[in-house]
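Handing you a structure now.
Numbers restart at 1 for each chain; the letters A, B, ... are given by sequence-line order, proteins then strands.
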Amino acid sequence: MVAISILVFVNNRASNALQLVLGLFFKTNGASSRVLSVLSNIGLSVSAMTFERLKKQISDDAIELAITLMLATGIWAIIFDNINIFLRKHSQRVTNHNSMIHATNVAIFGVDTEGIDIDAALDLQAKLDKRGGRYAATFDDILPTPEDNEHMERIFDHLIAEIIVSYAPGSRSWKQRKEMLEKIMELMPRDRPLPPKKSDARPFGVFDVNEGSKVGIVQVLEAIRERSTLSEEEFSAKVRAILGDWLTSNNLRGSRHDRADDINSMERIDYADELSQLFHFALQATHMNMRAHYGHAVSDPTSLAAHKGLLGRKWDVEKPNYAAAKSLIRHSLIARLLHRH
DNA sequence: CCACACTTTATAAGGAGATC
DNA sequence: GATCTCCTTATAAAGTGTGG
């Protein structure tokens, strides 16, 4: 079969099923262009040039798939983040310095619209009309219902039970510890658990834009719009979810604040619905915990500040530090619970 | 430090099949 | 049979890394 494939390839260069797959294998496993050139000449592989073209084609096709999603009628979201690559040059010359690539990697993904009114969800004017409403908010707006309250109390009980069973001194030798933990997890109240669904994420390629600033956010959004083939009006006429890290959300808000008086929705970025990703929510939550409940090490010996000193933790609480903050909060909480217990 | 290997990129061009 | 399109390779130049 290999022989026939080579004969077919020699007769017609376009018939390259075997040679393309083999070339892909050779190249991705580190064959140099010279090796590939010999393999190509004996009919076992396509040329290195063709391989490069294949990579470009695969990349373009992927972006095309993402554009298809953006032009369809459903809901899609944009997610992007900076990627910074340091290029250390060995033979340094005037024209060959160490440098850094500041690029932005982007993906588009489809949002599951089952049971969702797409037009209402994407209605930009309805979203903008709600601006300023927080000023008039009262406690009643966030007052939990009796059902909410009962739900939270049950969760609270289960969390405490789980911590006691997990960490009480000697609990590891409890005979039915595993069963107890399983029972606790099983009885943990759940709120509308979502059924798992296959997600639809499509790579949108990399942009030669440094996203990590307010100006960078504007530039990357314009570059995304341009690649999507949507016009400024089309792109900014509906609510667009922009997902990223904390810094991205923060810069986006800053940029929108600076541009509140600009000429249209695209420039004002008021179409953007920024959303920190799950880890960054956790990062903000732990940091908020430190800001709200840190306390004072001297005047309050039960404070997080006092526990931090007692445990010899040396990080700066003014700066977000997820792992250290979570560790301190849990250590402190567990100690309190077991002490009361 | 140098010669050379290697990659990337631009340009030119050929063969097969489709179309008119 | 001429012409076009698609797919491909050859080749050179420029830029950069590395072993001796």
For the pair made of CG in A:L54 and C1' in C:dT9, what is the distance, rounded to whole Å?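 So the two atoms are 16 Å apart, to the nearest Å.
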
Taking atom P of C:dC7 as reference, at what distance in whole Å does atom NZ of A:K56 sit?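 Rounding to the nearest Å, NZ of A:K56 and P of C:dC7 are 15 Å apart.
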
Minimum heavy-atom distance between A:A103 and A:V206, given as atom pair plus value: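 Smallest heavy-atom distance, with atoms named: CB-CG1, 3.5 Å.
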
Listing, residues 154-163 of chain A side-chain donor-acceptor contacts under 3.5 Å, not counting sequence neighbours, or none:
residue : atom : partner : partner atom : Å
A:H158  : ND1  : A:R154  : O            : 2.7
A:H158  : NE2  : A:L187  : O            : 3.2

Tell me the interatomic distance from A:L36, atom CG, to C:dT11, atom C1', rounded to whole angstroms.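 Distance, rounded to whole Å: 16 Å.
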
Of the candidate nucleotides B:dT8, C:dG17, C:dT9, which contains the atom at the shortest distance from the side chain of A:S47?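 Selected nucleotide (nearest to the side chain): C:dT9.
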
What is the distance, to the nearest angstrom, from the CZ atom on A:R53 to the P atom on B:dT8?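 That distance rounds to 15 Å.
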
With respect to the side chain of A:E52, which nucleotide from C:dT16, C:dT9, B:dT8 is positioned closest?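 It is B:dT8.
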
Nearest to the side chain of A:T50, which nucleotide is it out of C:dT16, B:dT7, C:dT9?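 Closest of the options to the side chain of A:T50: C:dT9.
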
Separation of atom CG in A:N41 from atom C1' in C:dT9, rounded to whole Å: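 Taking CG of A:N41 and C1' of C:dT9, I get 9 Å after rounding.
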
Among the nucleotides C:dT16, C:dT9, B:dT8, which one has an atom lying closest to any side-chain atom of A:V46?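 Closest nucleotide to the A:V46 side chain: C:dT9.
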
Interatomic distance, A:L39 CG vs C:dT9 C1' [rounded to whole Å]: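 About 15 Å, once rounded to whole Å.
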
Separation of C:dT9 P from A:Q19 CD (nearest whole Å):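 Distance check: A:Q19 CD to C:dT9 P gives 9 Å.
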
Just how far, in rounded Å, is P of B:dT7 from CZ of A:F51?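 These atoms are roughly 12 Å apart.
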
Could you pull out the protein-nucleic contacts involving nucleotides 18-20 of chain C (nitrogen or oxygen on both sides, under 3.5 Å)?
residue : atom : partner : partner atom : Å
C:dT18  : OP2  : A:H90   : ND1          : 3.2

Regarding A:K197 and A:E114, does a basic nitrogen lie under 4.0 Å from an acidic carboxylate oxygen?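 Salt bridge flag = yes for A:E114 with A:K197.
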
Gap separating the CH2 atom of A:W246 from the NE2 atom of A:H287, nearest 0.5 angstrom: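 Reported to 0.5 Å precision, the distance equals 5.0 Å.
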
On the ring face of A:F109, is A:R202 found with NZ or CZ under 6.0 Å from the centre and within 45° of the axis?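 No, cation not above the ring by the 6.0 Å, 45° rule.
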
Is the A:F26-A:F51 ring centre distance short of 6.0 angstrom?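 They do not qualify: ring centres at least 6.0 Å apart.
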
N-O pairing of A:K127 and A:D273 below 4.0 Å: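 Looking at A:K127 and A:D273, the cut-off is met.
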
